[in-house]
Amino acid sequence: MAATAAATARPWWALAATAILGAGYGLTLSFALTEVTALAPRTALARLTSLFWTLAYLGMFAPYALTALSTAFGTPALLRTGALLAVLSCVLFGWLNRSRRAVTPRSPG
């Protein structure tokens, strides 16, 4: 949406897309940091929070990496690979979360 708005020189669409993408980014970061805080032991909270921020900023390197690699592999192939990695990550983390729930004892109640 944002790329289309920028390409067609429609600033109102670009403004709307920026607001939506910015809100999504903020909500994602807020949720992720809340999860880190909830899951991390107090002794490791600072280390895990810094690891989270490192990985979050490393993700901002992705457009540069895609641009650099697109001459060798082509943009569609790189985007398909990224989509495949995203799906595999979702499956992996879903499986890890499921196995973690199976091990966690339930409190009586």
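Not measured: the values here are computed from a predicted model. One is the number of the first residue; the rest follow in order along the sequence.
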Rounded distance (nearest 0.5 Å) linking atom OG1 of Thr34 with atom CG of Leu39: 10.5 Å

Give, for atom CE of Met60 and atom CG of Leu55, the distance between the pair rounded to the nearest 0.5 Å. 12.0 Å

Is there a path of hydrophobic side-chain contacts, each under 4.5 Å between heavy atoms of I, L, V, M, F, W or Y residues, that connects Leu29 with Leu27? no

Considering only residues two or more places apart or on different chains, which pairs with a residue in residues 34-53 satisfy ring pair (Phe, Tyr, Trp, His ring centres under 6.0 Å)? Trp53-Tyr57

Under 4.5 Å between side-chain heavy atoms, counting indirect links through other Ile/Leu/Val/Met/Phe/Trp/Tyr residues: same cluster for Leu33 and Tyr25 or not? yes

Shortest non-hydrogen separation from Thr67 to Ser70 and the atoms involved: O-OG, 2.8 Å

Would you say that Thr28 contacts Phe31 through its side chain, given a criterion of any heavy-atom pair below 4.5 Å between the two side chains? no

Interatomic distance, OG1@Thr54 vs CG@Leu58, rounded to 0.5 Å, equals 8.5 Å

Apart from Leu66 itself, what residues make up its hydrophobic cluster, given side-chain heavy atom links below 4.5 Å? Leu69, Phe73, Leu78, Leu79

Inter-residue atom distance Ser50.OG - Leu45.CG, 0.5 Å rounding: 9.5 Å

